[in-house]
Participant: 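If you scroll down you'll find the structure; I have some questions about it.
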Amino acid sequence: MSLTLIFGLYVFFLAAFTGYQVISKVPHLLHTPLMAFTNAISGISLVGSLLAAGGHYGTLSTVLGAVAVLAATINVVGGFLITDRMLRMFKKKGGTR
Amino acid sequence: MTLSTTETFVQLLYLAASILFILGLRDLGDAQTARRGVLLAEVGMVAAVAGTLLYGVAVTGVIVRWEWILVALLIGSAIGTGMGLWIPMTKMPERIALSHAFGGLAVGLVGVVEYLEHGGPKMSTLQVTATGLEVALGALTFTGSLMAFGKLQGFITGRPVTYPGQNASNGLLIAGTLGLIGLLVYQPGAAWAFYAVAALGVLLGVLLVLPIGGADMPVVICLLNSYAGLAAAATGFALGNNVLIICGALDGFSGFILGMMMSKAMNRSFTNVLFGAFGAEPEGK
């Protein structure tokens, strides 16, 4: 096993544990916004897409990469907008507390 | 291994982005702080993208095709904004499912590009395993989310679609996918196996969502979200990029837990949602 893989696994499992801990006590009301939010951050694959589209690659790879950038951007931008729109609605309903 | 000043700065930007994602996710757990959480994660996403672009500017040869990237970013932002602003609030689950489909498509395509450009007999075990998982999960998320969208929208029947031997055949397909990834570890140059993994992912996305009823779709969407996160983490392993691993793992596990909590809140059995109509009450038949 390479050292890179070991480091990667450390990072992966610590982040996984953090994700579990942070979410485990969320009230029911916030389930749907949270669903939209986790969708938005899963658009982090945009980072990988940028490297795929921009690399000094053949035409097919560049086109596929560009489609990936397009799709990931839709995911990120749309996801964050939707989350915020939902949360704004809650504020109006609940009033100021 | 010593990094140049720019590379160090990029890595620190990635670190900042990772911290912002964790803080954002934590803030989303409380109605009082939720909107701040969204803002934190947005800043994190900008930092991650800016870091990647900066890396492309500073290190020659990393990013050469700027025009493609810029055009795709602009069009994507425009479509994303449109979908974000003009879709009615009652259509939220559909909207999230569609967004997932795009996310899954992106991960799957990145996996294909990685294999096209770096694949072959010399690909390392880590890279080929990560790329295989990435493509399988990305393809599964893509078609699975489209199915969820179709079921919610009424394009596909919302009733569970079952047939004899469904669980056995799905299990066989999953085993086949993992087996092919295992084969790739020993023969990284077997391109047919790689594309078969992608095709099986596409097929599994359809078949796994088919037996699940329309009412369970929110839980399914959470699960698909979890898969998208794990796929992003796999990309991180393939590219050696920690922000992808961290954000993907965060998303993968919080999505999974959220799915479990949602099915509990809706009084549904999580295993039923996971394994489709298996063991469900025979009322639908």
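Computed from a prediction, not measured in an experiment: that's the story for all the values here. Naming: A, B, ... by sequence-line order, numbering from 1 per chain.
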Participant: Has Ser145(B) got a side-chain atom pairing as donor or acceptor with Thr141(B)'s backbone, closer than 3.5 angstrom?
Facilitator: yes

Participant: Counting only heavy atoms closer than 4.5 Å, note whether Arg95(B) contacts chain A via side chain, backbone, both or neither.
Facilitator: side chain

Participant: Go through Ser77(B), Gly37(B), Ser226(B), Ala48(B) and name the one with the most non-hydrogen pairs under 4.5 angstrom from chain A.
Facilitator: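 The residue among Ser77(B), Gly37(B), Ser226(B), Ala48(B) with the greatest pair count is Ser77(B).
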
Participant: Of all heavy-atom pairs between Gly259(B) and Val219(B), which one has the smallest distance, and what is that distance?
Facilitator: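 What the structure gives for the nearest pair is O-CG1, 3.6 Å.
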
Participant: Does any N or O in the side chain of Arg65(B) come within less than 3.5 Å of the main-chain N or O of His56(A), such that one atom is a donor and the other an acceptor?
Facilitator: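 No, Arg65(B) side chain to His56(A) backbone: no donor-acceptor pair under 3.5 Å.
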
Participant: Please test Phe80(A) against Met45(B) for side-chain contact (heavy atoms from CB on, under 4.5 Å), starting from the C-alpha separation and ending with a verdict.
Facilitator: CA-CA 10 Å; Phe80(A) 278 127; Met45(B) 191 62 77; 4.1 Å; yes

Participant: Between Ala66(A) and Ala72(B), what is the shortest heavy-atom contact and its length?
Facilitator: O-CB, 3.5 Å

Participant: Please report the shortest heavy-atom distance between Ala53(A) and Ile69(B), naming the atom on each side.
Facilitator: CB-CG1, 4.1 Å

Participant: Under a 4.5 Å cutoff for heavy-atom pairs, which residue among Thr38(A), Thr32(A), Leu46(A) has the most contacts with chain B?
Facilitator: Thr38(A)

Participant: I'd like to know which of Ser2(A), Pro33(A), Gly55(A) tops the heavy-atom pair count under 4.5 Å against chain B.
Facilitator: Gly55(A)

Participant: Need one label for Leu30(A): side chain, backbone, both or neither, based on atoms under 4.5 Å from any heavy atom in chain B.
Facilitator: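 Interface part for Leu30(A): side chain.
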
Participant: With Ser42(A), which of Leu230(B), Asp251(B), Leu250(B) fulfils side chain to side chain contact (heavy atoms under 4.5 Å, CB included)?
Facilitator: Asp251(B)

Participant: Verify the ring-centre separation between Tyr227(B) and His100(B): is it less than 6.0 angstrom?
Facilitator: no

Participant: Looking at Ala41(B), Cys222(B), Ala228(B), Gly229(B), which has the largest count of heavy-atom pairs under 4.5 Å with chain A?
Facilitator: Ala41(B)

Participant: Quick one: what part of Met261(B) sits under 4.5 Å from any heavy atom of chain A, side chain, backbone, both or neither?
Facilitator: both

Participant: What option among Gly65(A), Gly19(A), Ala16(A), Gly79(A) has the most heavy-atom pairs under 4.5 Å with chain B?
Facilitator: Ala16(A)

Participant: Side chain from CB out, backbone as N, CA, C, O: work out which of these in Leu126(B) comes under 4.5 Å of a heavy atom of chain A, or both, or neither.
Facilitator: side chain

Participant: In terms of heavy-atom proximity below 4.5 Å to chain A, should Leu53(B) be classed as side chain, backbone, both, or neither?
Facilitator: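 Looking at Leu53(B), just its side chain touches chain A.
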
Participant: Quick check on the interface: out of Gly76(B), Ala265(B), Gly111(B), who has the most heavy-atom pairs with chain A under 4.5 Å?
Facilitator: Gly76(B)

Participant: Which region of Phe37(A), side chain (C-beta onward) or backbone (N, CA, C, O), has a non-hydrogen atom less than 4.5 Å from a non-hydrogen atom of chain B, or is it both or neither?
Facilitator: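 Looking at Phe37(A), just its side chain touches chain B.
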
Participant: Go through Glu67(B), Met83(B), Lys264(B), Met89(B) and name the one with the most non-hydrogen pairs under 4.5 angstrom from chain A.
Facilitator: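 Winner by heavy-atom pair count: Met89(B).
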
Participant: Can you name the closest pair of heavy atoms from Ala231(B) and Val107(B) and give their distance?
Facilitator: CB-CG1, 3.5 Å

Participant: Which region of Ala233(B), side chain (C-beta onward) or backbone (N, CA, C, O), has a non-hydrogen atom less than 4.5 Å from a non-hydrogen atom of chain A, or is it both or neither?
Facilitator: side chain

Participant: How long is the straight-line distance from CG of Leu64(A) back to CD of Glu117(B), given to the nearest 0.5 Å?
Facilitator: 9.5 Å

Participant: Tell me, side chain or backbone of Ile221(B) under 4.5 Å from chain A's heavy atoms, or both, or neither?
Facilitator: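 Ile221(B) touches chain A through side-chain heavy atoms alone.
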
Participant: Name the region of Leu14(A), side chain, backbone, both or neither, that has any atom closer than 4.5 Å to a heavy atom of chain B.
Facilitator: neither

Participant: Could you look at Leu20(B) and say if it's the side chain, the backbone, both or neither that has a heavy atom under 4.5 Å from chain A?
Facilitator: neither

Participant: Kindly say whether the aromatic ring centers of Tyr115(B) and Phe194(B) come within a distance under 6.0 Å.
Facilitator: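 Distance test on ring centres: under 6.0 Å, yes.
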
Participant: Given that the side chain runs from C-beta out, which part of Leu5(A) has a heavy atom under 4.5 Å from chain B: side chain, backbone, both or neither?
Facilitator: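 Both parts, heavy atoms under 4.5 Å.
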
Participant: Counting only heavy atoms closer than 4.5 Å, note whether Leu73(B) contacts chain A via side chain, backbone, both or neither.
Facilitator: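 For Leu73(B), the contact with chain A is made by backbone and side chain together.
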
Participant: In terms of heavy-atom pairs under 4.5 Å with chain A, which of Leu244(B), Val112(B), Leu105(B), Val243(B) leads?
Facilitator: Leu244(B)

Participant: Between Ile44(A), Val26(A), Val22(A), which residue shows the highest count of heavy-atom pairs closer than 4.5 Å to chain B?
Facilitator: Ile44(A)

Participant: Side chain, backbone, both or neither: which part of His31(A) has a heavy atom under 4.5 Å from chain B?
Facilitator: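 Contact with chain B is through both the backbone and side chain of His31(A).
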
Participant: Using a 6.0 Å cut-off, check whether atom OH of Tyr195(B) has over 12 heavy atoms from anything other than its own residue.
Facilitator: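 Yes, OH of Tyr195(B) has more than 12 neighbouring heavy atoms, counting only those of other groups under 6.0 Å.
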
Participant: Is there a donor-acceptor contact under 3.5 Å from the side chain of Thr33(B) to the main chain of Arg36(B)?
Facilitator: no

Participant: Pick whichever of Thr62(A), Val67(A), Thr83(A) has the most heavy-atom pairs under 4.5 Å with chain B.
Facilitator: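 Between Thr62(A), Val67(A), Thr83(A), the count favours Thr62(A).
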
Participant: Does the Arg85(A) side chain pair with the main chain of Leu85(B), one donor and one acceptor, at a distance under 3.5 Å?
Facilitator: yes

Participant: Highest number of heavy-atom pairs under 4.5 Å with chain B: which of Ile74(A), Ile23(A), Leu81(A)?
Facilitator: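 So the answer, after comparing Ile74(A), Ile23(A), Leu81(A), is Ile74(A).
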
Participant: Using a cut-off of under 4.5 Å on heavy-atom pairs, state which of Cys247(B), Gly252(B), Ala232(B) scores highest against chain A.
Facilitator: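 Ranked by contacts with chain A, first place is Cys247(B).
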
